[in-house]
Amino acid sequence: MARIVVLGAGFAGLWAAIGAARKRDEIGAVSDIEICVIDRNPYHNIRVRNYEVDLREVAIPLPKLLDPVGVRHEIGEVEAIDPAWREISLVTSSGEQTLAYDRLVLALGSEVMRPDIPGLAEHAFDVDTYVAALRLEDHLASLGRSAPAPGRSTVVVVGAGFTGIEVAAEMPDRLARAGIAGSRRIILVDPNPAVGATIGAPARPVIETALAALDVETRLGVRVVSVEAAGIRLSSGEFIPAQTVIWCAGMRASPLAARFPDARDRLGRLLVDSFMRVADVGGVFAAGDVASSVVDGLHPTVMSCQFARPMGRFAGHNVVADLAGLPMLPLRIDWYVTVLDLGGWGALYTEGWDREVKATGQAAKATKNIINRKRIYPPLTGSKDELFAAAAPTVQAPPPTYGAPRR
């Protein structure tokens, strides 16, 4: 029996596995091809919701999603990949193991960059994983139960990119939920001279308006010198007393991508073709944040579920087609949008690579809610047919917009 191994059960890995099972079923090869998913967690994390107030629906047990389609799943930490011998070294609850594969889908995603800043590892929080998001939630709840103290009601978010802005904008509601009332400070820190440097100039006035309305302060053009138990020290010389520092300063591809000798981009992502194949490495596909593909003939994918999900669906379809000697399907995506959550103020919806603003405020928030709570979720009924329908190698239409921009 041939074996397809999918490493990672995030947006790309989950849909690669279900997409592969769909194609396997379609060609009648269920007894000839085994599909196995390896992840360090027993759940699929709706990672883009880790910044939100309520985390109850952001972790979905893998058996609920993979058992109905006949995909085996195991908990393990990937230690090494040997593409020459087509072997994976794992650490599981039973110890070290070696798993052979005939085809591999690398979907190990990305992780937040953690530079060597004194005190960062010891004192900072993040929302990079479900476990990290729960740790932050527990910390805020603990602060809500504690007596007033210097920095108790101050939150510093480092990184004024997409994630950092969403974390900062949601923080007023998170502090209120934790019972931290009265005078509160939320401060967004970034080395760039403006917030949302990578989100585009048209969007910046909207972001600045929303942050001002939410009483989010900014410290721009400065870097973090150290993170301490009592607060954070900036290159400007300012020390901000704060018991909560949240690190959101950039992402990079899984370090395991470096095990392949191929070209990688500045984020460490493997370059893949339109079929999601890693160049010059037999039998290896990659999808999601660990891969970069030019999907419209001009622009490479960005690290987001908007691209990870279709990349996964096509990788799953194509890995089975490749194994069976059948034609593969190229992925092409002709649209790009961003929908930035701005907490109680609303949201920001842009279209195109030039980030033209199409909706703001509560109109854009309605779109964001559809994305976060419906559009990016797999079917939860346990129906094989519904899971297979959702895993078809197609590209969704852009999400809906409501109303005109609020200026």
Side-chain angles (χ1 to χ4, degrees), residues 2-27 29 32-37 69 71 81 83-84 86 88 101-110 253-254 256-257 259-265 267-336 388-396:
R3 176 184 291 148
I4 295 171
V5 175
V6 179
L7 297 182
F11 287 111
L14 176 74
W15 288 111
I18 300 174
R22 180 185 184 276
K23 184 62 176 177
R24 179 184 65 177
D25 189 80
E26 178 185 286
I27 65 176
D32 300 320
I33 301 174
E34 177 191 41
I35 303 168
C36 178
V37 172
V69 298
V71 171
I81 303 168
R86 299 198 178 191
I88 304 159
Y101 65 85
D102 295 279
R103 295 292 187 277
L104 175 68
V105 180
L106 188 66
L108 288 169
S110 59
S254 166
L256 284 164
R259 301 297 178 98
F260 294 85
D262 306 273
R264 290 180 294 280
D265 68 4
L267 300 176
R269 300 183 298 174
L270 290 166
L271 305 184
V272 299
D273 64 14
S274 62
F275 303 108
M276 304 298 108
R277 294 178 300 190
V278 178
D280 302 322
V281 182
V284 178
F285 293 69
D289 287 3
V290 79
S292 174
S293 177
V294 178
V295 291
D296 64 352
L298 182 62
H299 300 98
T301 52
V302 300
M303 290 181 171
S304 75
C305 63
Q306 178 179 164
F307 291 106
R309 293 164 62 246
M311 290 173 80
R313 292 195 296 267
F314 276 75
H317 175 96
N318 287 336
V319 73
V320 173
D322 181 53
L323 188 60
L326 299 172
M328 295 185 289
L329 295 176
L331 172 62
R332 183 171 180 84
I333 304 175
D334 292 320
W335 58 269
Y336 175 57
F388 279 173
T394 58
V395 176
Q396 286 178 293

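Throughout, numbering of the chain's residues begins at 1 and tracks the sequence. Note that this is a predicted model, so its numbers are computed, not measured.
For D25, the salt bridge (Lys or Arg N to Asp or Glu O under 4.0 Å) criterion is met by K384, not counting sequence neighbours. With sequence neighbours excluded, no residue forms a salt bridge (Lys or Arg N to Asp or Glu O under 4.0 Å) with R259. In this structure N318 satisfies the side-chain hydrogen bond (donor to acceptor under 3.5 Å, both in side chains) test with no other residue, sequence neighbours excluded. A search for salt bridge (Lys or Arg N to Asp or Glu O under 4.0 Å) contacts involving R24 returns nothing, not counting sequence neighbours. By the side-chain hydrogen bond (donor to acceptor under 3.5 Å, both in side chains) test, D280 is found to be paired with no residue, residues two or more places apart in sequence or in another chain being considered. Judged as a side chain to side chain contact (heavy atoms under 4.5 Å, CB included), and not counting sequence neighbours, the contacts of D102 are A2, R3, L323. Considering only residues two or more places apart in sequence or on other chains, R264 meets the side chain to side chain contact (heavy atoms under 4.5 Å, CB included) condition with A257, A258, L270. Partners of R86 according to the salt bridge (Lys or Arg N to Asp or Glu O under 4.0 Å) rule, which considers only residues two or more places apart in sequence or in another chain, do not exist here.
Among residue pairs with one or both ends in residues 298-326, those qualifying as ring pair (Phe, Tyr, Trp, His ring centres under 6.0 Å) are H299-W353, F307-Y336; sequence neighbours excluded. Sequence neighbours left out, not one pair with a member in residues 290-316 passes salt bridge (charged side-chain N to carboxylate O under 4.0 Å, His left out). For residues 4-14, there are no salt bridge (charged side-chain N to carboxylate O under 4.0 Å, His left out) pairs, not counting sequence neighbours.
When side chains are defined from C-beta on, L106 does not count as touching V278, because their heavy atoms never get closer than 4.5 Å. Side-chain contact between M276 and S293 is present, with heavy atoms from C-beta onward closer than 4.5 Å. Between P83 and Y101, some side-chain heavy-atom pair lies under the 4.5 Å cut-off.
Closest approach of G297 and V294 over heavy atoms only: C-CG1, 3.5 Å. Between A287 and A315, the shortest heavy-atom distance links the atoms CB-CB, 4.1 Å. Considering every non-hydrogen atom in both I27 and A324, the closest pair reads CD1-CB, 3.8 Å. Counting all heavy atoms, side chain and backbone alike, C305 lies closest to P310 at O-CD, 4.2 Å.
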Give the intermediate values and the outcome of side-chain contact (heavy atoms from CB on, under 4.5 Å) for residues M303 and R269. CA-CA 10 Å; M303 290 181 171; R269 300 183 298 174; 3.7 Å; yes
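Remark: D322 CG to F275 CZ distance equals 10.5 Å, nearest 0.5 Å. Atom CG of L331 sits about 9.0 Å away from atom OG1 of T301, to the nearest 0.5 Å.
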Can you list, pair by pair, the side-chain donor-acceptor contacts under 3.5 Å of residues 4-23, counting residues two or more places apart and other chains?
{"from": "R22", "atom 1": "NE", "to": "F388", "atom 2": "O", "distance (Å)": "3.1"}
{"from": "K23", "atom 1": "NZ", "to": "E26", "atom 2": "OE2", "distance (Å)": "2.7"}

